[in-house]
Structures are given as C-alpha cells and as structure tokens.
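Quick note: numbers below take in every heavy atom, side chains included, and nothing from hydrogens, waters or symmetry partners. Within every chain, numbering begins at 1; the chains are lettered A, B, ... in the order of the sequence lines, protein sequences first and strands thereafter.
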Amino acid sequence: MDALGHFEEHIRAKVAAELAAMGFSGEIALERPDHELADLALPCFQFAKRLRKAPSAIAEELSARIHPDERIGKVWADKGYINFRVNEAVLSALVIKDALERREDFGRGDPRPGKVLLEHTSVNPTGPIHVGRARNPLIGDTLARCLRMCGHEVSTEYYVNDVGKQVVLLTWALEHLTEKDVPPSDREKTDHRLVGYYQAANRLMEASEEVADAVAAMTQRFEAGDLEVIAKVRRTVDLMLDGIKESLSGADVHLDRYIYESQFILDGSAHRVVERLKASPYAAIEDGAYYLNLEGFGVHGRDTRFFFTRKDGTTLYTTRDLAYHLDKFKRADEVLNILGEDQKLGQKQLACALRILGCDRAPECIFYSFVSLPEGRMSTRKGVVVYLDDLLEEAVDRAYQEVCSRRPDLDDERKRRIARDIGVGAVRYNIIRVQAEKQLVFKWEEALNFEGNSAPFVQYAHARCCSILRKAGDFNKSADVSVLTDPYERRLIWTLAQFQEVVRQAGDKRRINMLPTYGHELASALNQFYGAVPVLRSEHQDARLCLVEATRWALRNALVTMGIAAPEEM
RNA sequence: GGGCGGGUGGCCUAGUCUGGAUAUGGCAGCAGCCUCCUAAGCUGCAGGUCGAGGGUUCGAAUCCCUCCCCGCUCGCCA
C-alpha cells in the first residue's frame with residue numbers, strides 16, 4: 001500500500017469504530033471529493049434510516065467523536081457529510097521522501113505473483129499498419145507497461161497470421177507480378193513496397209477467373225500441408241512483418257514474442273483440438289463440415305453454429321486460435337487479448353469451445369472500436385487510409401519545426417531527438433487518452449495537437465522541473481517539507497500522493513486512459529505552482545526543490561508508463 | 001431483425017463498474033499575463049435538457065425498463 005492508502009485505512013477504521021458505537025455496522029466507503037472541498041469524505045445520508053437521525057446530526061456527532069491525530073489533520077461536518085483533511089505535514093514528508101528515494105520506481109507496486117501473457121497488435125501481415133489498427137499496439141503496449149508498473153510479470157505476443165487466403169494471395173502476387181504491375185511506393189519499407197502487390201492481386205483476382213483459380217490452387221496446396229508453399233508464404237509474411245516491426249518500433253512499441261499461426265497446424269495441436277471437439281456432445285456435421293451447437297451457451301439466433309472445420313477437414317482461424325490459447329494457458333496465469341471489436345463474436349465462440357474442451361479458463365479481452373476517417377471507414381484496398389508511418393513522420397516533422405522556432409540555441413542532433421520524443425509521444429497520447437470502446441474519428445489537427453491535454457504538455461512540465469533542478473545544483477534533500485503550505489504546493493503534493501493508486505487502478509481495471517488523465521492533472525498542478533510560487537532564491541528553496549524533484553519523478557514515471565519519452569529539455 | 005458497444009457545451013473528452021456536495025478537462029472563441037526558475041505555460045470570461053421518456057431512491061450522468069441515433073457483428077474468411 002502507498003502512503004496515502006495508510007491514511008485512508010486509518011480514517012476508515014476510526015469512522016467504522018465510531019459508527020459501530022452508534023449502532024451501525026457495515027461497509028464504510030470513503031470518497032475523494034473535489035480537493036477544494038476535502039481530502040476524504042463520508043456522506044451520512046445512508047445511515048439516516050438505520051440510526052433514525054438526520055444526516056446532518058449524524059455527521060455532527062461523528063465529527064465530534066473523531067479527533068485529529070498523527071494522520072488526521074482536521075475533521076468537520078458539512079451538509080450531511082463528514083469531511084477529513086489528512087495531516088498534510090506528515091503526508092508531504094512521506095510522499096516526497098518516497099519519490100526522492102525510489103526515483104524511477106516511484107509509483108511502482110509491489111511484485112505480484114503469477115505471469116501475465118498479453119497478446120496485442122496481431123495485425124494481418126498484408127500491408128502497413130494504418131491508424132485504424134494502430135489503436136491496438138498502442139493500447140496493448142501501454143497496458144503491458146502499466147501492468148509491469150503495477151508489479152506484474154508480463155510478456156507480450158503478436159499472433160502472426162501466416163495462414164489463409166490473404167497471405168497466399170500476397171505470396172502469389174510476389175511471384176507473378178512485377179514492378180510494372182504496381183504503382184510506385186512512396187516508401188522503401190518492405191510493407192509499403194509490398195502492399196501494392198497485394199492491392200493489385202486483389203483486383204486481378206476479382207477480374208480474372210484464371211488468377212482466382214491459381215490462388216485457390218495454391219491455397220489448397222497450403223492447406224494440404226505442402227511444406228514448400230507453407231515456407232514460401234512464411235517468407236512473404238516475414239518480409240511484410242519486417243516493415244510492420246519497424247513501424248512499431250517507430251512508435252516505441254516492443255513485443256517479446258512473435259507466434260506464427262502455422263505452428264499450430266504443423267505441430268498437430270490444431271488437429272488435436274478438432275478431434276476433441278468432434279468427440280463432444282455439442283458437435284454436429286453439415287455437408288462434411290463440423291460445427292459446435294452453442295445454443296444454451298449464451299449465444300443467440302444464427303450465431304449458435306460455430307464451424308471448426310471446412311468440409312475438406314481443414315482447420316479454420318478460430319480452431320487454430322483455440323490451439324494457441326490452450327498453449328497460452330500452459331505458459332501463463334493470466335491471459336489478456338487486445339482485439340478489434342469485430343472479434344467479439346469469435347472470442348465468445350472461442351470461450352464456449354474452451355469450456356466444451358473442459359478448459360475452465362478463458363482469455364480476458366479488451367476490445368477497441370475502430371478509428372475511421374472523416375470520409376468513412378479506413379480501407380487499405382480502397383486507399384482510404386492513413387498509415388501509422390505517415391502519422392508518425394508528420395508528427396515528428398511538426399515537432400521539429402516547433403523545436404526549431406522555440407530553441408534555436410540547440411544543435412540539430414538534439415533538436416531532432418527532442419522532436420522525435422515529442423512527435424511520437426503526441427501520437428501515442430492522443431490514441432491512449434480515449435476509452436478503448438469509444439469510436440474515434442481521426443483528424444490531423446487533433447492528432448498533431450501539442451497543447452493542452454497532450455503529451456507535450458506533460459513533457460513540458462517535466463522539462464520545467466529538470467530545468468529548475470539543473471539550475472539549482474546540489475540542495476538539501478532532507479529539507480523540512482512541512483513548510484509547503486501554499487495552496488499550489490498542497491494541491492501538487494496531494495496529486496503526487498495519488499500516483500501509485502492511479503497506476504494500480506489503471507492496470508487492475510484495464511483502463512489505461514486514466515494515465516493520460518492523471519498525467520495532465522499532475523502537469524497542470526506543476527504549471528500552476530510554477531507560475532505562482534518561486535523556487536530558486538526563495539525562502540523555502542530546498543523544500544520546494546524537494547517538491548520539484550518529487551514531481552519530476554512522478555511525471556517521468558507517468559510518461560514512461562505510457563511509453564512516452566520524458567525529455568529533460570524541450 | 002438478433003447480439004454487443006458507444007451517445008456528456010460548436011468539436012473532442014473524464015466521471016458510469018462501486019449512486020452523493022457546484023458534472024472533469026482540452027480544442028476552438030473572447031479578455032488579460034513574458035525587465036523574474038522554458039509562454040508547448042498561466043489567469044479570467046463565455047458556453048450544458050449528461051441522446052429521449054418513464055421508474056427506483058432522501059439523492060441518478062451513474063442503477064432498472066422502453067424508445068431513438070451511430071458503430072461493430074451475425075462466412076465451411078482471417
């Protein structure tokens with residue numbers, strides 16, 4: 001538990017004891033109201049009926065029974081509420097000391113048992129990542145960082161789709177088409193060079209039966225287990241994946257492992273899943289193809305039939321995903337997936353099939369809605385698309401212009417490094433700040449926002465702290481911080497005290513949008529403090545420097561948890 | 001049509017799980033603030049039927065019901 005947690009527990013216990021003495025037993029849930037109002041509060045309306053007294057009278061009586069102590073600073077009743085202010089001198093000392101001692105680990109939770117396996121990104125390797133899909137790696141990578149900060153051991157995986165019509169089609173295209181058949185690519189990256197082949201092949205297949213037949217034949221050889229074709233497809237996929245990995249790395253997204261779908265065909269595990277499902281009482285067959293009857297499993301209407309083989313006996317995507325999940329469960333205690341909302345039914349069916357297989361576990365899925373463009377849904381084939389690479393490049397360019405105009409004193413290498421931190425950070429922040437379920441319309445002006453609720457705002461606050469610290473040089477890190485009683489100082493300390501709890505909740509609730517919200521709040525508190533309270537050459541210089549350094553670590557760690565760089569100058 | 005998710009000032013958004021005091025911020029707009037630690041900042045003003053209606057409750061953006069709008073989905077695709 002963090003410092004603030006102990007204060008809250010202490011107050012809760014006192015309130016519970018006094019309420020018990022008054023004749024009430026039960027859960028006591030303290031609130032954290034607007035900080036202007038109080039630090040902690042308890043509405044007393046809920047006790048009125050049981051105690052047969054007016055809420056305001058209960059609040060008055062309770063507040064008279066509870067006295068300030070080591071942790072409680074002030075208690076008072078107001079409009080049916082009993083309000084608390086914690087002992088701020090004690091809290092300040094604890095929080096600031098904690099930050100100055102733990103530095104990079106400030107806000108980090110105690111190690112938690114169990115391994116977490118988080119699958120994210122897993123985009124089909126048929127083209128570059130576009131911003132519609134980019135939500136996946138950004139949410140996934142941030143959640144992984146957040147869970148690690150919470151104390152979890154986390155490994156991340158990208159499930160590579162190297163099976164099926166689409167990747168076979170791409171492979172066919174690379175064999176049969178030449179540069180003349182595709183429009184020139186504006187980038188040298190393999191994913192951008194190859195996507196033209198994929199698009200051209202799609203058009204050809206629609207127009208020509210011959211091509212369609214050729215691709216179908218190749219798909220059949222693949223399904224039949226033709227190792228030559230499988231290897232060929234695998235090479236194509238790897239080519240495309242190289243470009244995708246480069247994009248991910250450009251966004252500071254890093255995955256621990258890449259798992260190929262074909263693995264589950266080759267090692268026979270997908271086949272074993274088929275055999276076990278066939279033997280279940282829910283299995284049925286239609287025209288040679290097997291399915292599970294999921295009626296009574298919470299799926300409705302036409303969705304109840306879940307096919308797990310084709311009529312030729314070959315496996316389907318979800319069948320292989322089943323094998324993959326069985327494998328995941330062997331390797332981890334908690335299994336999380338970040339998926340597009342189009343996967344919901346498939347995941348529901350997968351969960352049912354898992355139960356039928358006698359498996360009592362299921363992956364926990366976080367679904368995100370798609371990002372569309374003002375002109376409509378993104379489509380690689382129609383060319384209605386903004387690639388992640390283009391967004392990142394534009395953001396970094398814009399940031400570079402800003403840095404150049406603000407900091408002509410810096411050398412170019414430094415300016416470029418800062419521009420990269422800011423541009424990439426702005427993109428990540430903008431995607432992450434919105435709840436995953438919310439549908440999002442991509443707008444350049446919003447994506448490239450460097451002010452207000454944005455990564456640069458938080459980074460700027462961090463750079464400000466660093467700048468002050470740089471100018472200050474050595475100072476007394478054991479200074480008495482009880483002198484920090486200005487409203488701006490109190491608010492900043494109070495915000496600092498929330499940090500670990502925010503990270504914990506963001507991880508536990510899988511609500512990573514709490515991170516940017518908090519980052520902005522902290523940065524805002526710092527900026528207001530900065531504007532109103534002098535640090536250097538002030539009477540409380542050392543105490544304030546302690547506060548600035550504590551804030552610096554919280555800002556830095558909040559940024560790093562979001563996968564955003566924390567530049568020391570900008 | 002069924003299932004799932006979303007709907008909060010002109011635009012974007014927090015809060016919804018776990019009901020409580022004047023609904024969080026940002027963008028855009030208006031008015032101010034750089035002889036002083038980085039103005040990517042700060043201060044102030046203006047802007048709201050929390051999609052609509054009913055219900056539960058001392059109290060509803062939050063819980064329940066009905067309806068409307070938007071998205072996704074309902075393949076022997078992946």
Tell me what [X] touches on the nucleic acid: a base, only sugar-phosphate, or nothing, going by heavy atoms under 4.0 Å.
X	result
A/I422	base
A/G452	sugar-phosphate
A/F45	base
A/L316	sugar-phosphate
A/V160	nothing
A/E341	base
A/E286	base
A/E261	sugar-phosphate
A/R320	sugar-phosphate
A/A41	base
A/V163	sugar-phosphate
A/Q46	base
A/N430	nothing
A/K311	base

Heavy-atom closest pair, residues A/M205 and A/L169: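 For A/M205 versus A/L169, the nearest heavy atoms are SD-CD1, 3.9 Å.
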
Minimum-distance nucleotide (side-chain atoms of A/P33 versus B/rC72, B/rA21, B/rG25):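 In terms of side-chain proximity for A/P33, the closest of B/rC72, B/rA21, B/rG25 is B/rA21.
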
Any side-chain donor paired with an acceptor under 3.5 Å for [X] and [Y]?
X	Y	value
A/S454	A/N449	no
A/E223	A/T219	no
A/Y429	A/Q459	no
A/Q435	A/N513	no

Distance check, [atom1] atoms only: [N] and [M], in whole angstrom units.
N	M	atom1	value
B/rG25	B/rC64	P	28 Å
B/rG3	B/rC65	P	12 Å
B/rC67	B/rC77	C1'	36 Å

Is the shortest side-chain N/O distance from [X] to OP1 or OP2 of [N] below 4.0 Å?
X	N	answer
A/Y368	B/rC72	no
A/R310	B/rA78	yes
A/Q435	B/rA14	yes
A/K49	B/rC58	yes
A/R511	B/rU16	yes
A/Q528	B/rU43	yes
A/R305	B/rG75	no
A/K438	B/rG7	yes

A/N449 (side chain) and B/rA28 (base): donor-acceptor pair under 3.5 Å: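 Result: no qualifying N/O pair found.
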
Look at the side chain of A/D287 against the base of B/rC76 and say whether a donor-acceptor pair falls under 3.5 Å; ignore hydrogens and angles.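 A donor-acceptor contact between them is present.
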
Using whole Å, report how far CZ of A/R135 lies from C1' of B/rG71.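 Answer to the nearest Å: 12 Å.
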
Ion pair check, A/R12 and A/E9, cut-off under 4.0 Å: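 Salt bridge between A/R12 and A/E9, a charged N being under 4.0 Å from a carboxylate O: yes.
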
May I ask you to check if A/R305 and A/Y291 form a cation-pi contact, with NZ or CZ under 6.0 angstrom from the six-membered ring centre and within 45° of the axis?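 Yes, a cation-pi geometry holds between A/R305 and A/Y291.
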
5' precedence on RNA chain B between A/S369 and A/C44 (nearest-nucleotide basis):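 The residue closer to the strand's 5' end, by nearest nucleotide, is A/S369.
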
Nearest-nucleotide comparison on RNA chain B, the residue closer to the 5′ end among A/T309 and A/F457: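 It is A/F457, whose closest nucleotide lies nearer the 5' terminus.
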
Does B/rC34 fall in syn (glycosidic angle within 90° of 0) or anti?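 Nucleotide B/rC34 adopts syn.
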
